[in-house]
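Notes follow the structure.
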Amino acid sequence: MLWAGVPMLDLNLIRTNRPAVEAALRKRMEHVDLSRLVANDAKRREFVTSVEALKARRNQVSADIPVLKKAGEDVDGLLAEMKEVSATIKSMDAEIRVLDDAIHDELARLPNLPSDDVPAGGKEANEVLRTWGDKPSFAFEPLDHVSLVTSLGLVDYERGVKMGGNGFWLYRGIGSRLEWALLSYFIDTHLADGYEFILPPHLLTYQCGFTAGQFPKFEDDVFQLRGDDDSFTHFILPTAETALINFHRDEILSEDELPSKYFAYTPCYRKEAGSYRAQERGMIRGHQFNKVEMFQFTTPETSETALDELIAKAEALVQGLGLHYRVSRLAAGDASAAMAKTYDIEVWIPSMGEYKEVSSASNAADYQARRGNIRFRRGDRRIEYVHSLNASGLATSRILPAIVEQGQQSDGSVVLPRVLADRLGVARLEPGEPAGGS
RNA sequence: GGAGAGAUGGCCGAGUGGCUUAAGGCGCACGCUUGGAAAGCGUGUGUGCGUUGACGCGUACCGAGGGUUCGAAUCCCUCUCUCUCCGCCA
């Protein structure tokens, strides 16, 4: 549609509070200059006002012409004038179109405004808010998860690489069942909390990536499918969030439908180009991993509470596995560009001596809603953008290493958390077991 | 992959160049009526953009994009999507 601005940040906010917007953006990016955007917007509004006056004139004359003709009056002069007016309208519309595109492109590349309580800066400015549990101490030399899952027959790295190349692994036997048990533990928990279970397409259109805030800036981070003429057809989802945000795209919800809560299970596919594979052995960072993702659409005034709910749910899942972890509030520059605020849950990986992310809970505020045109109607009929939130609940690929590393015993066996032991009917995994698993 | 039929407002559905500021119906909202309800009657009922202190006014939108015209839902071109049937395949 020609005039649909599709603002990513509220253009009106930029117009009226430009210094505040620029200050907020500076928390996550070095160079902020909205002057061209503001100038283009002013020019566009000026053009629109005058071209619409011309259109009003044209409409009026067009209505008059048949009447005048009927009355036998001469309309040749009017016809000539209108021919010129129409030509002017056409060229002005074209100019406005150019301005629209420029405004749209610039707006589409701006990241979200970080919340007030989000610290400025990059990774180094993240704030640890709390830790849960204790680092396990071992009276023996602990093994890393690569050795453990291999000797326990859970994961086969060599054959995974044989099939998918570097960055892939496969689960086998009891390992597959363990992975499945983890996922079903997550799924059952979300069902009990009243979230609707979605199994979305894994191949998504470009628009889906745009709405999520993934495109246009991060097109190269995902696997793309291309047609015979090399044109973009689909991308493979890097997270179910990319699908779920599009569930209500281009819809106007009623206020009593909010909050709407969903979760999905999908594998996630990421290029992870230029990542530090060397320091992250095993399944810490691969091209494919399993994840259950939670998602909410809320009213603006309830999204903060919803974020608290999501992070609490994700923490409860980790606690249910008895794993030591910490929660951080990410600095503006370390969070995804689409997010106003992000909490990370990081689980302790003894062999690395590091905490690694297993869940990221974020409030996008109205950023994704604007990109996807997702709105709701208030009781008084006013229409506003919804807020959207997402949180992993959880990704398994770092949970499994944490389970085996934190639960390992001196004899190389691993004591399973209760929720998994109950599901598998096995309390402890022993090395050297045949990998059949039934 | 082959053939055919479509795309109009929340829904159904008219509409082949100006009397359509999209008929009519359904739904919905409000009002009248009623002891209460139903029926009936009346009024209203989309989204974006621009403008305005506000009421409002203007403008665009009939799948998308372009063209013809003083004027397009309507005529022309291109594309997309949906449905039906056939074939093939999980």
Side-chain angles (χ1 to χ4, degrees), chain A residues 1-16 37-108 199 201-208 210-211 225-234 246 248-258 366 369-386:
Chain A
M1 221 180 298
L2 190 56
W3 316 124
V6 194
M8 274 32 86
L9 291 179
D10 186 351
L11 196 46
N12 191 47
L13 185 71
I14 294 175
R15 211 141 59 198
T16 54
L37 182 63
V38 169
N40 280 339
D41 172 55
K43 206 196 265 179
R44 187 189 88 94
R45 281 181 297 137
E46 186 188 319
F47 275 43
V48 166
T49 302
S50 38
V51 80
E52 287 192 350
L54 287 180
K55 285 178 180 176
R57 163 91 177 135
R58 179 178 69 181
N59 287 344
Q60 183 56 52
V61 172
S62 293
D64 289 345
I65 282 175
V67 177
L68 293 172
K69 267 187 174 170
K70 210 168 221 173
E73 303 211 16
D74 176 36
V75 294
D76 287 354
L78 280 178
L79 292 186
E81 182 201 340
M82 286 305 104
K83 196 174 182 104
E84 209 168 299
V85 166
S86 280
T88 308
I89 287 172
K90 196 171 164 185
S91 71
M92 288 187 77
D93 273 348
E95 290 182 70
I96 290 168
R97 178 58 168 268
V98 170
L99 287 170
D100 269 342
D101 288 348
I103 290 167
H104 181 276
D105 285 352
E106 190 162 353
L107 227 31
L199 290 172
H202 296 180
L203 302 185
L204 304 174
T205 60
Y206 186 92
Q207 179 63 46
C208 288
F210 181 86
T211 300
L225 300 182
R226 294 190 171 267
D228 294 339
D229 57 355
D230 202 42
S231 61
F232 185 104
T233 62
H234 296 87
N246 287 279
H248 286 303
R249 194 179 76 218
D250 292 319
E251 293 181 17
I252 299 178
L253 307 173
S254 67
E255 190 170 2
D256 56 23
E257 287 177 84
L258 300 175
D366 62 2
R370 286 177 184 280
R371 297 173 79 93
N373 198 28
I374 308 166
R375 297 167 293 171
F376 76 104
R377 195 185 302 278
R378 294 232 184 239
D380 61 9
R381 299 192 57 76
R382 277 175 47 85
I383 290 174
E384 291 180 37
Y385 289 103
V386 301

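Quick note on labels: first sequence line is chain A, next is B, and so on, each numbered from 1.
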I'd like the [atom1] distance from [M] over to [N], given in whole Å.
N: B:C77; M: B:C88; atom1: C1'; answer: 34 Å
N: B:A37; M: B:U43; atom1: P; answer: 22 Å
N: B:A29; M: B:G10; atom1: C1'; answer: 13 Å
N: B:U45; M: B:C26; atom1: C1'; answer: 13 Å
N: B:G87; M: B:G4; atom1: C1'; answer: 15 Å
N: B:G27; M: B:C12; atom1: P; answer: 15 Å
N: B:G9; M: B:A73; atom1: C1'; answer: 13 Å
N: B:U16; M: B:C62; atom1: C1'; answer: 15 Å

Proximal nucleotide (of [options]) relative to the [X] side chain:
X: A:L79; options: B:U68, B:U59, B:C70; answer: B:C70
X: A:I252; options: B:U47, B:G18, B:C49; answer: B:U47
X: A:P66; options: B:G18, B:U51, B:C70; answer: B:G18
X: A:R44; options: B:G50, B:U59, B:C70; answer: B:G50
X: A:R375; options: B:C70, B:U51, B:G48; answer: B:G48
X: A:R15; options: B:C70, B:G50, B:U47; answer: B:G50
X: A:K90; options: B:C70, B:U47, B:G67; answer: B:G67
X: A:K55; options: B:G50, B:U59, B:U68; answer: B:U59
X: A:V48; options: B:G18, B:G50, B:A60; answer: B:G50

**Asked** Quick one: do A:E255 and A:R377 make a salt bridge, cutoff under 4.0 Å?
**Response** no

**Item:** Ionic contact status for A:D10 with A:R370, cut-off 4.0 Å
**Value:** yes

**Asked** Which part of the nucleic acid, if any, lies within contact of A:I65, taking any heavy atom under 4.0 Å across all strands shown: a base, the sugar-phosphate backbone alone, or nothing?
**Response** base

**Asked** When all nucleic acid strands are considered with a 4.0 Å heavy-atom cut-off, which category describes A:R57: base, sugar-phosphate, or nothing?
**Response** nothing

Nearest whole angstrom, please: distance from the [atom2] of [N] to the [atom1] of [X].
X: A:E81; N: B:G71; atom1: CD; atom2: P; result: 12 Å
X: A:D250; N: B:C61; atom1: CG; atom2: P; result: 19 Å
X: A:L68; N: B:G71; atom1: CG; atom2: C1'; result: 14 Å
X: A:H104; N: B:G48; atom1: NE2; atom2: C1'; result: 14 Å
X: A:Q60; N: B:U59; atom1: CD; atom2: P; result: 9 Å
X: A:E251; N: B:G10; atom1: CD; atom2: C1'; result: 13 Å
X: A:I96; N: B:G48; atom1: CD1; atom2: C1'; result: 14 Å
X: A:R97; N: B:G66; atom1: CZ; atom2: P; result: 6 Å

**Item:** Dot-bracket encoding of pairs in RNA chain B, which uses [ ] for pseudoknotted crossings and | for another strand, Watson-Crick or G-U under 3.5 angstrom
**Value:** ((((((((.[[[..)..(.....]]]((((((.......))))))((((((....)))))).[[[[[..)....]]]]])))))))....

**Asked** 5'-most contact on RNA chain B: A:A53 or A:R45, nearest heavy atom basis?
**Response** A:R45

**Complete:** Assign each of A:A63 and A:I383 the nucleotide of RNA chain B bearing its closest heavy atom; nearer the 5' end lies the nucleotide of A:A63

Measuring only between side-chain heavy atoms, which start at C-beta, is [X] closer than 4.5 Å to [Y]?
X: A:R249; Y: A:C208; result: yes
X: A:E384; Y: A:R378; result: yes
X: A:N373; Y: A:Y385; result: yes
X: A:Q60; Y: A:R57; result: no
X: A:M92; Y: A:V48; result: no
X: A:S86; Y: A:R58; result: yes

**Request:** Check whether any side-chain nitrogen or oxygen of A:S86 sits under 4.0 Å from OP1 or OP2 of B:G71, and answer yes or no.
**Result:** yes

**Prompt:** Is the distance from OP1 or OP2 of B:G58 to the nearest side-chain N or O of A:N59 less than 4.0 Å?
**Reply:** no

**Prompt:** Can you list the residues that meet the side chain to side chain contact (heavy atoms under 4.5 Å, CB included) rule with A:L99, with sequence neighbours excluded?
**Reply:** A:N40, A:K43, A:R44

**Message:** Between A:R97 and A:D93, does the salt bridge (Lys or Arg N to Asp or Glu O under 4.0 Å) criterion hold? Intermediate values first, please.
**Reply:** CA-CA 6 Å; A:R97 178 58 168 268; A:D93 273 348; over 6 Å; no

